[in-house]
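Below: the structure, in structure tokens.
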Amino acid sequence: MNLITAAKNQIDELINNAFEKVRTSGSLPEGALSDTSEKLSGSVEIPRDTSHGDYAATHAMAAAKKLKIPPRDIAKLLTDNIELSDSYFKSISIAGPGFINFVLADSWYNEVLHLVESMNDNYGRTNIGDGRRVMVEFVSANPTGPMTIGNARGGALGDILASVLERAGYDVWREFLMNDTGNQVDLFGKSIDARYMQLCVGEENYVFPDDGYHGDDIKNLAQEIFEKEGDKLSNLPLEERTQKFVEFGLPRNISKMKEHLKRYKIHFDEWFSEKKMHDSGYVASTVDILDKAGLLFEKDGALWLKNTELGGEKDEVLKKSNGFYTYYAADIAYHRNKLERGFDKAIDIWGADHHGHARRLIATMTSPVMCEALGLDGSKLHFVLMQMVRIVRDGETIKVSKRTGKALTLNDLMDEISVDACRFFFNARPDSHLEFDIALAVRQDSENPVYYVQYAHARINSLIKNLESEGHSLPKFADIDPDLLCTEPERELIKQISMLPEEIAIAARDYDPSRINRYVIELAARFHKFYSSCRIKGEETALLSARLKLAALTKQVIKNSLEILKVTAPDKM
């Protein structure tokens, strides 16, 4: 249950019940209803300054034009007829041009705490997804080398978004697209081949491709092959040798990806092979469907998609003159495949460097003509574009690993800092450039947001243990007097606790998992303020029990929030 939504809905109901009284009592001027419905509409918001009210409703201002009455007069008529008994509110007032402010009653605060206790680990979950199936495709790095820092950010954002959607009531599927075919894979094989041949005949006697992969991982694969086979493969034709090296190298790289992603706390439901999609004829059949629909034309021996007619920026080559299908053809086929598998939404997490491609593909896949040709609903496709990452230490950009001296990879980073810090820091706003400060990520003080939140959880656990050792057992909600929790720090903490279901719902709606970071940081801040302002140890029993229960419920909500991020909630630090 979302008590933020419940309070807003109740305000709308209270206002319209009051309006019905006003309307039927004849209090409105003659003709006032001639241009309006019998129900008032308006927004209900939580104002930044809650000193005059916890919620503010705009119904009076929204109705002024149609009712032909000044908004403050409408607000007066409404507030005179609002009945607050048995509601979440204890008082109302009029502010500004006609806002109706509502102040929460003790019953609402008490219900928040009771809800956390009753739902426990499930607190925060909602059912706005109603079991609808959603695929989140993310990382999808080329399996030709180690995962980059960009992959690290995409991994955190994608995995945490999937967690958010699960808690919002969706049936979520995590997918990794393996780009295991095409030019990059061919070059991968040629790069291994060059390093292998250099081991066989000497580095100076075999030229390495100018555009080849230069990493140590390629050298290590070649060395492994040489130690196993010696130089006997050197007599095979280049094409056969290259294919053997691809078949040897790709599974090892993919295995390492899975190992590193497991360390990063990411598990995929499927590793989808692009090669298998090509080999099955699915890409070819997709292009054939478009051809039969009259959406292709031939030019210079290649097949082109009439993408400008579909709303795209330019026409796109789908099949080259040499008979090979392009990335664009494969992307159309892959997204067709996603929707044919019955997903209600298919979300892609892409880097900002793919912005142009994503924009063109969205135009293609959402075109009514394309949707009709493929028999799909392109509106189910969604793209989240994440901005670039800059890793810094002491204000300087880091591009290489201290350990290896080579380009910094996800695995290198996890060797330097905790997985918790990696996931928390990378789950920043996807639409903003990220400056990842390694020095900050390893600090053990309040400046480090991960430490700050985890410390709050550990601090509460220590409080509970200490009080238990003094004979104060943790009470059930039914055994405390929640009305004693009436100071501003206590009420502000309870309000923040109440926001988790709302934050999950909004994060799911906007595909913005970074909201959970900001939420739990603010929750920790409000707890630390409460703990500093409201004494627990040494208070008389009733107040001690109430405050101890509030602390324990806060601990539960911090834990639930961190579980969404897959960040550890430590009991001691």
Measuring only between side-chain heavy atoms, which start at C-beta, is [X] closer than 4.5 Å to [Y]?
X	Y	value
R459	L463	no
E316	R360	yes
I504	I564	yes
M257	V139	no
L413	F425	no
Y170	D344	no
T409	T148	no
M414	Y264	yes

Can a side-chain donor-acceptor contact be found between [Y] and [X] if the only test is distance below 3.5 angstrom?
X	Y	answer
K555	N461	yes
S514	R429	no
Y196	R241	no
Q444	Y452	no
T364	Y328	yes
S379	D377	yes
T126	N2	no
H267	D159	no
E492	Q496	no

Dump the intermediate steps for side chain to side chain donor-acceptor pair (under 3.5 Å) on N427 and N517, then the final yes or no.
CA-CA 7 Å; N427 190 48; N517 283 35; 2.8 Å; yes
Test log, rule salt bridge (Lys or Arg N to Asp or Glu O under 4.0 Å), inputs D348 and K338:
CA-CA 11 Å; D348 291 9; K338 288 182 179 184; 2.5 Å; yes
Is the ring centre of F208 less than 6.0 Å from the ring centre of H214?
yes
Is NZ or CZ of [X] both nearer than 6.0 Å to the six-membered ring centre of [Y] and within 45° of the ring axis?
X	Y	value
R359	F383	no
R153	F426	no
R390	F436	no

Working for side chain to side chain donor-acceptor pair (under 3.5 Å), residues N179 and Q184
CA-CA 8 Å; N179 304 118; Q184 80 279 358; 5.4 Å; no
Please work out whether the ring planes of W350 and H335 are parallel, tilted or perpendicular, with thresholds of 30° and 60°.
perpendicular
Return the orientation label for the F176 and F268 ring planes: parallel under 30°, perpendicular over 60°, tilted otherwise.
perpendicular
Do R133 side-chain atoms and R341 backbone N/O form a donor-acceptor pair below 3.5 Å?
yes
With N411 as partner, the option from R263, E259, M147 fulfilling side-chain contact (heavy atoms from CB on, under 4.5 Å) is R263
Check against side chain to side chain donor-acceptor pair (under 3.5 Å), E247 and Q243
CA-CA 6 Å; E247 292 172 357; Q243 183 58 34; 3.0 Å; yes
Working note: D193 + T242, criterion side chain to side chain donor-acceptor pair (under 3.5 Å); need CA distance, chi angles, decisive distance, verdict.
CA-CA 6 Å; D193 175 72; T242 300; 4.9 Å; no
